[in-house]
2 protein chains.
Amino acid sequence: MSMAEFKGKVKNVQDTPFGYTLSVIGGKWKMVIIYLLAENQPVRFNDLKRQIGAITFKTLSSQLKELEADGMVTRKEYPQVPPKVEYSLTDKAESLLPVLEGLCEWGTKNQNRR
Amino acid sequence: MSMAEFKGKVKNVQDTPFGYTLSVIGGKWKMVIIYLLAENQPVRFNDLKRQIGAITFKTLSSQLKELEADGMVTRKEYPQVPPKVEYSLTDKAESLLPVLEGLCEWGTKNQNRR
DNA sequence: CAGGATCCGTTAGGATACTG
DNA sequence: CAGTATCCTAACGGATCCTG
């Protein structure tokens, strides 16, 4: 791994690959959001909310904003009434999907056993 | 992905594969700790502290305890004075290493560019 | 050496109500 | 429809000091 260079001199976790990655996908719902976007992009705000269920508007909104700020999600707004906004994944996010799949598989295998 | 079954009915994130995985490795230093253990197991407490740098004893201690409780880390205590404790990875943690590597690579590629 | 015990500040995220 | 605006709380993690 390319973490090797950090051995013994980690000052800010944020500056390590792991720290950075965690800051991007470590939000409580972010991986779920990315997963759902990957399944059926583009997705509208309320669709996403409905697909998730146990998330509040405010939380979904802020998680999406952070994902957008981190270059993971694209927000496309249609100037019409009623409003229509669509979210989709950036290439950066797409490049993470294989890894996410690994995390998902590992989680599935391990969450119900010790 | 096996997250498909959760679409529309996510009640607790913790119950999804992503939620579970995040609860296990989402701690601020946990991925770094697992990475360092993977490199040179078994490792003693203060060695680990030294290898990391910017972490306090208390934080390292609690992160290790949580990892142990989640079946990721084994703590071996030698009954001697001065004390000697060695930490190593469980099979469960070892099975996550390939995925961790993916996260690390992705982080390396993406942390310095948009 | 390997921690435990306290105290404490930040903040992520939930509940609820309101809006262009 | 797609959010804001507030308010609020739990808990994560840092700082510091102490100990078997």
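So that the names make sense, note that chain A is the first sequence line, chain B the second, and so on, each numbered from 1.
Spacing between atom CG of D47(B) and atom P of dG3(C) amounts to 12 Å, rounded to whole angstrom units. Rounding to whole angstrom units, CZ of residue F57(A) and P of dG14(C) are separated by 14 Å.
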Could you list all N or O pairs between the protein and nucleotides 11-13 of chain C that sit under 3.5 Å apart?
from    : atom 1 : to     : atom 2 : distance (Å)
dG13(C) : OP1    : K28(A) : N      : 2.6
dG13(C) : OP2    : Q63(A) : NE2    : 2.6
dG13(C) : N7     : K58(A) : NZ     : 3.1

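Taking 4.0 angstrom as the limit, R44(B) places none of its side-chain polar atoms (N or O) nearer than this to OP1 or OP2 of dC1(C).
With sequence neighbours excluded, no residue satisfies side chain to side chain donor-acceptor pair (under 3.5 Å) with K28(A). By the salt bridge (Lys or Arg N to Asp or Glu O under 4.0 Å) test, E94(A) is found to be paired with no residue, residues two or more places apart in sequence or in another chain being considered.
Judged by distance alone, with hydrogens and angles left aside, the side-chain atoms of K49(A) form a donor-acceptor pair with the main-chain N or O of I55(A) at under 3.5 Å.
Between chain A and DNA chain D, the heavy-atom contact criterion of under 4.0 Å yields a 5' to 3' nucleotide range of dC1(D) to dT6(D).
When the side chains of ILVMFWY residues are joined at heavy-atom separations under 4.5 Å, either directly or via intervening members, V32(B) and F57(B) end up in a single hydrophobic cluster.
Ring-plane geometry between W106(A) and Y20(B) is classed as parallel, the angle between the planes falling under 30 degrees on a 0 to 90 degree scale with a further cut at 60.
Contact of the R44(A) side chain with the N46(A) side chain is not registered, since no non-hydrogen atoms from C-beta on lie closer than 4.5 Å.
Sorted by first and then second residue, the pairs that involve residues 77-91 of chain A and meet salt bridge (Lys or Arg N to Asp or Glu O under 4.0 Å), not counting sequence neighbours, are R75(A)-E77(A), K84(A)-E86(A).
If you check residues 73-84 of chain A against DNA chain C, the residues with a heavy atom closer than 4.0 Å are P83(A), listed by number.
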